[in-house]
Every structure is written in C-alpha cells, then in structure tokens.
Asker: 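One structure is given below, represented as structure tokens, and several questions about it will come after.
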Amino acid sequence: VTFAAIPEFVVAATGIDPLRYFTADEIREWRAFREPHYVAGHAMFAVDVALYVWLVFFHGSRRIKGACDRLAERWLPANRHGVLLRVMDRVWRDRTWVGALLFVLAFTTLFALTSLPKQAYFLLVYDKRYGLSTYTVPRFIRDFSVGTLQGIVLLSVLMFSLYALMRRVDRWWIPLGIVAAAFSVFSGVIDPYREVLQFEDKPLADGPARTAVSSVLSRAHVENAGIYVRNASRVTKAGDALFVGQGPSRRIIIYDNLLAALTPRELAVVIGHEAGHVGESRLWPSIATAAVMFALIFALDRILRAMARRPRFGLSGHADPAGLPVAFLLVTVFIEVAEPFSSAYTRSLERAADAFGIEITADPDAFVSMLVKVARLDKVDVDPPAWIRWEFTHPTVLDRIAFGESKKKEAGDPINRPPPGTSLPSPTAIDGGRAP
Ligand SMILES: [Zn+2]
C-alpha cells in the first residue's frame, strides 16, 4: 500500500485530512516503521501454533516428557527419602512428580523463550534504528531475564498445581473454573506490582502537572488514586499513561516521556480519559470472562480425555502432563479467534473514555493537540491498513482526532456551550490561567 493512495480514502472516511496535523514524510515513516511489527505479531502466532502442533501431534511433548522422567529417575529415584519428598509423594500420589515438574519447567521455558528473538531484534535493533527504543544490551538482558524468570516460576507453579488437581479430582474443571474466574475478576489488584522489578514509579511532584491531574480526578470523583511517574525513558522514547490496580492498589502511572511532552491541559485530558476507564461497568465483562474460562477449561477436559483414549497421542491418561501443550494450543487459538470481537469491544470502551475525558475537561482542543503529540512521540501509524485495523485496541489516531474535532465544533456552537455556573470547569482553571 503506498501512502499516495491513502489520504483521499481517509478524508472520505473520517472527514479529516491527516496533512493538517502531520507531514507526509511523518505519515510515511511511521507506517514503514509499524509494518514489520504487524507482520511479526502474526508470525509469532504462527510460530507458537507450529510449536504446539509439533509437541501435540508429532510426539514432541512425549519425547521431552520421557527425557524428563529418565532424568528424574536418576536424580531422585523412588527409594530416596526425606520429609519434603514424602510430602510431595503424598500430594502427587507417587514419585512421578519429579519428572512432571521437570517437564512443566522445560515446557514453560520453551514457551517463554519463543518470544526472545523477536523482542531482541525489535528492542535492540529495529526500534532503536527508528529512535524509539533506548534499550542497551545489558538492560535488555536484565529486563528479559527477570521477566522471563518471573513468568517461568509463576506458570510452572500454576501448571504443576493444575496437574496435581487433575490427578486427584475427577471433575477438576469445576474447582479450577471457580478459582480461574475469581482470579480473573480480582487479578487487577496485583497489577501495580507486576512491573516493580523493571521500573521505578515515583509519586508525581507538586507543580502545575500535579494540580491539573488532581483537579481532573476530583471532578471525575476518582478518589484515593495515587499518581505516579514511571521512569520509562530508560528503555523507550514512547509516552503512555495507565490506570492500574483495583481498590486499595488503584493508581495512575504516567510515563516520564509523556509528562515531559505534554502541557498541563493536555495531561489533564489524558487523565480524564483514564478516569473514564475507572467508571466502566465491570459486572458483565466479569461474568463473560468467567463463562469463557469455564467453557475453555471444560473443553480442555473433554479434549484431553478424548486424546488419552487414542494411543497415537501417547498420553497415559487425561492427567498426563505431556498433554500440557494442548491447553496452550487451545488458549492461543481461542485468543486469535476472539481478537476481532474483544478488540471491537475495547475500541468502544476507548471511544467512551475519550468522550469522558473531553467532557470532564471541557477541552477538545487539548485532546486533539495531545493526540498529535503522542502520535509523534510513539511514531503511531495514524491510519493503519485495513488488514490490521480490526485488531487495534484503540480507534485509530485519525478517528480520534475526528472525534475531537467534532466535539470542538459542538463546543463552538453557542447552543451547545454549557451555561455559566454549570459544574464543567473552564479549561483555564487547569493550567493556571492560560487561554485555551
Ligand atoms: Zn484508554
């Protein structure tokens, strides 16, 4: 797709001429920058599926499991005794837990390492060439190994426990479904602590930015949320802001890059957008997530039992850990199939959050100028090609600018201007008196 063909199409779709906000060179460069990312994302899906298919259908899993069992037999044979060993023997019901644990560790390590080539190439070479990534090799090694180790340990414990449950409880999918559903509803509580090993989040210092942020939060009735600045500039030039956590752990995190790039008014609109997410209803999404979890776990039970009946898969039973890649294949394919729907849903939430942010700040001008700055900072493909657009979690930058422009028009129309004395503040209240 050449850029030359795009503007007319875009102008027709959004009523917005991108050249009013960006230069043709910028648009072309950012598209060129993003395209390999799109391709790599899909290639990773293909690599993951190929890996699982090999493990499941071509005896890869059975061979690795066999090697783990032999290693376990040499390392901790059944005649070795000790308190911990006896406890584990009782939990698992025999000594085969050592081989199972080794296999789970081997598989989760394989799973974690498939993303290494892609991450290393983009963060250390490609994104750096485009000036977006500021990763150094030592920092990349540190961040990747810390993140990967965390993931391997957590996933291994979970998967090993899963198989311990499957061996003991015939209808294991019922208790697991309940735990998984509860976890998916409350997992937000631990979100703020997931990246503590990678970044440092410090409270936002007093000043015009903090005043602007606090003022928006109190108007949006978002109380008790900590406001933090993340030292993201050590690894990227991109800017972002996010609301993380749940209940007592709720906080707003602003990337230091974004803080440096935006005026207090633009920052206020970003925070207004994030505050819009806080008010989203969680009931139906939680029910839907819980239902999907149950359905997937139940389907996994049926698939594993059906496979265990067929000798060609080489599974000793539905609770044979060698069947673990089946679960990963099922989830990976499900996520890919569900993506158009889940992305369309999040796009609608993002649009609502944009509307909330503009309304709470009454500042569509700052909304538009903020989008332009962020697009420049993050080298965003302002008008992504149709074949990738459906998986975007946010409306495109041009769609969002068009939305902001339509709000500007509404605000400029005297009929729509709020009467004096209404609760909507004037934007000048935010940045200390500068005219909009
Ligand atoms: Zn958002």
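The structure presented is a predicted model; accordingly, all values stated were derived computationally and were not measured. The figures here come from the full heavy-atom set of this structure, side chains too, leaving out hydrogens, waters and symmetry mates. First listed ligand is number 1; within each ligand, the first listed atom is number 1.
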Asker: Could you pull out the N/O/S protein atoms under 2.8 Å of the Zn ion (ligand 1), ignoring any water?
Answerer: His273 NE2, His277 NE2, Glu350 OE1
Asker: Would you say Arg234's side chain and Phe199's backbone share a donor-acceptor pair under 3.5 angstrom?
Answerer: no
Asker: Between Tyr52 and Phe57 (judged by ring centroids, cut-off 6.0 Å), do the two rings come close enough to count as a pair?
Answerer: no
Asker: Quick one: side chains of residues 318-325, donor-acceptor pairs under 3.5 Å with protein atoms, not counting sequence neighbours, listed by atom name and distance.
Answerer:
from: His318; atom 1: NE2; to: Arg305; atom 2: NH2; distance (Å): 3.4
from: Asp320; atom 1: OD1; to: Ala322; atom 2: N; distance (Å): 2.9
from: Asp320; atom 1: OD2; to: Ser316; atom 2: N; distance (Å): 3.0
from: Asp320; atom 1: OD2; to: Ser316; atom 2: OG; distance (Å): 3.2

Asker: Are Phe341 and Tyr345 close enough that their ring centres sit under 6.0 Å apart?
Answerer: no
Asker: Got a salt bridge between Arg347 and Glu350, using NZ or NE/NH1/NH2 to carboxylate O under 4.0 Å?
Answerer: no
Asker: Quick check, are the ring centers of His273 and Phe367 under 6.0 angstrom apart?
Answerer: no
